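For reference, the structure discussed in these notes is given below.
Quick note on labels: first sequence line is chain A, next is B, and so on, each numbered from 1. What you see below is based on every heavy atom in this structure, not just the backbone, and it leaves out hydrogens, waters and symmetry mates. All of these numbers come straight from a predicted model, not from anything done at the bench.
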Number of protein chains: 2
Amino acid sequence: MKPIKISEAVVRRLPIYLRFLNELSVSNIHTVSSQELGEKLDLNPAQIRKDLAYFGEFGRKGVGYNVDYLIEKIRQILKLDKTLNVALVGTGNLGRALCNYNTYIKDNMKIVAVFDADESKKGSMINRLTVQPMNELKETVQQLDISVGIITVPAAEAQNVADQFIASGVRGILNFAPVVLKAAPGVRIHHADFTAELLSLAYYMDSINGSNEGDEF
Amino acid sequence: MKPIKISEAVVRRLPIYLRFLNELSVSNIHTVSSQELGEKLDLNPAQIRKDLAYFGEFGRKGVGYNVDYLIEKIRQILKLDKTLNVALVGTGNLGRALCNYNTYIKDNMKIVAVFDADESKKGSMINRLTVQPMNELKETVQQLDISVGIITVPAAEAQNVADQFIASGVRGILNFAPVVLKAAPGVRIHHADFTAELLSLAYYMDSINGSNEGDEF
DNA sequence: TAGATTGTTAATCGATTAACAATC
DNA sequence: TAGATTGTTAATCGATTAACAATC
């Protein structure tokens, strides 16, 4: 409970830990060391220990970490111990794919409303949810206690959607549109920017010789 | 042409620059300063200047950067001046969404082949491409000179697909499956890990008061 | 007890930012 | 010339890694 500022890099790794620990748990493995974790997740064991130690003493010296206990603790840290309701705007291919992808549920994040600016899509169904028009956004966000918004609209409309989300009271946004969005203070925006990931991949793509690093320039 | 090692953080920003410069270009804006770039992209202007200066002197003191010239240069740096062929494995919702999403084309990355382990999908069409079975992967990668692979299969199969990609000669992989993949040296793997982005968002979601940072712990 | 592994401090490494001379 | 903005060095900040005492 010390008021130490946790860096973003640390927070970003927590879901990675959680995910692998879940795998261990279903495989009935009950103890894991930072060593093993590091090997599987391609991370330095010291880093893993340090990351976890920011939040408490979860391990046992000489033994390692109890898998299920650590899962419980990380879920608490990430505030995934109670369900977060999510709204999605943009029912193109990607938006529909995400709606159908209900992995979230086991992680306590659940898409509970879907919107599209295209009025002609109003009323169509996606994975048991009815597509709603944008003018219902604010009311729905408040009624369903939605705290997270997902944006899967074209780049040109993304900031507008973000603004509407924020005005509705959403406090976190996951943006898939290839633009940098601005948020009001107190609202957190994460970017799922796979086109950037893909293009930056190209940079590393010349070295026929096997050198992993971009050279030449 | 100095042999200076460019950091990943720098390379990851280049597509962000490129994307915004493209917007400026279509708006007929021909000059931009690091100042303006920084404001729009939420980055420090000094950082932008430094990033670009790793690769050459692209600006003019007292003036700024020529938009179209900078676009050309960044595309060269990222090796997007010639088309890279891409294969995708996994034709679930997400895979199909990505196939239809042909933004890549203008960036010289083109999905030219699609595969699925499910034999029953063999022969079906996605955006003008015929879904092929996995046993054709290697041959196709070599024949079509495919250098990048996209993985959109379930987590449990992702490493296997990655291994097949690597054995086929692919040198870059964009992985959408929620697992950490291991690569042979000389093969670059980028992770498009949106579930992790979503879960880490939850961490920042409590502060009703508007403080942006995770506190309490 | 002997062996293992944590939690944590100190050392290192890398990335961001500030500042400013150079110059358009 | 005066104003603006780059390229670059130096200063700062932050994140990773090594090392080891504590202890199970």
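Remark: P of D/dT5 and CG of B/Leu37 are 13 Å apart, rounded to the nearest angstrom. Rounding to whole angstrom units, CD of residue B/Gln35 and C1' of D/dG3 are separated by 14 Å. In this structure, A/Ile48 places its CD1 atom 15 Å from C1' of D/dA15, rounding to the nearest Å. Straight-line distance from the CZ atom of A/Arg49 to the P atom of D/dA15: 19 Å, rounded to whole Å. Per the geometry, NZ belonging to A/Lys5 stands 13 Å off C1' belonging to D/dA15, to the nearest Å. Atom CG of B/Leu52 and atom C1' of D/dT8 are 14 Å apart (whole Å). Taking atom NZ of A/Lys50 as the reference point, atom C1' of C/dC13 lies 14 Å away to the nearest angstrom.
In terms of position on DNA chain D, the residue among B/Gly64 and A/Leu43 whose nearest nucleotide sits closer to the 5' end is B/Gly64. When each of A/Gln47 and A/Gly62 is assigned the nucleotide of DNA chain D bearing its nearest heavy atom, the one mapping closer to the 5' terminus is A/Gln47.
The side chain of A/Ala9 approaches D/dT16 more closely than any other nucleotide in the set D/dT5, D/dC24, D/dT16. Among the nucleotides C/dG7, C/dC24, C/dA15, the one closest to any side-chain atom of B/Lys61 is C/dC24. Nearest to the side-chain atoms of A/Asn44 among the listed nucleotides D/dT17, C/dT16, D/dC20 stands D/dT17.
A cation-pi arrangement is found for A/Lys79 relative to B/Tyr203, the charged atom lying closer than 6.0 Å to the ring centre and inside a 45° cone about the ring normal.
When both pairing distances are held under 3.5 Å, D/dT23 makes a Watson-Crick or G-U pair with C/dA4. The nucleotide D/dA15 finds its pairing partner in C/dT12, both defining distances of the Watson-Crick or G-U wobble pair being shorter than 3.5 Å.
Among the atoms of the strands shown, only primed sugar atoms or phosphate atoms (P, OP1, OP2) are found under 4.0 Å from some heavy atom of A/Arg60. Using a 4.0 Å heavy-atom cutoff across all strands shown, A/Glu57 reaches sugar-phosphate atoms only and no base atom.
Counting heavy atoms from C-beta outward, B/His190 and A/Leu198 have side chains that stay 4.5 Å or more apart. Contact check for B/Thr31 versus B/Arg60: no side-chain heavy atoms found under the 4.5 Å cut-off.
For the residue pair A/Thr152 and A/Arg96, no side-chain donor N or O sits within less than 3.5 Å of a side-chain acceptor on the partner.
Taking 4.0 angstrom as the limit, A/Arg13 places a side-chain polar atom (N or O) nearer than this to OP1 or OP2 of D/dT16. Not one side-chain nitrogen or oxygen of B/Ser7 sits closer than 4.0 Å to the OP1 or OP2 atom of C/dG14. At C/dT5, none of the side-chain N or O atoms of A/Ser34 fall inside 4.0 Å of OP1 or OP2 (strictly under the cut-off). The side chain of B/Tyr65 places an N or O atom within less than 4.0 Å of a non-bridging phosphate oxygen (OP1 or OP2) of D/dG7.
Taking a 6.0 Å sphere around CZ of A/Arg12, one finds it holds more than 12 heavy atoms contributed by other residues, nucleotides or ligands.
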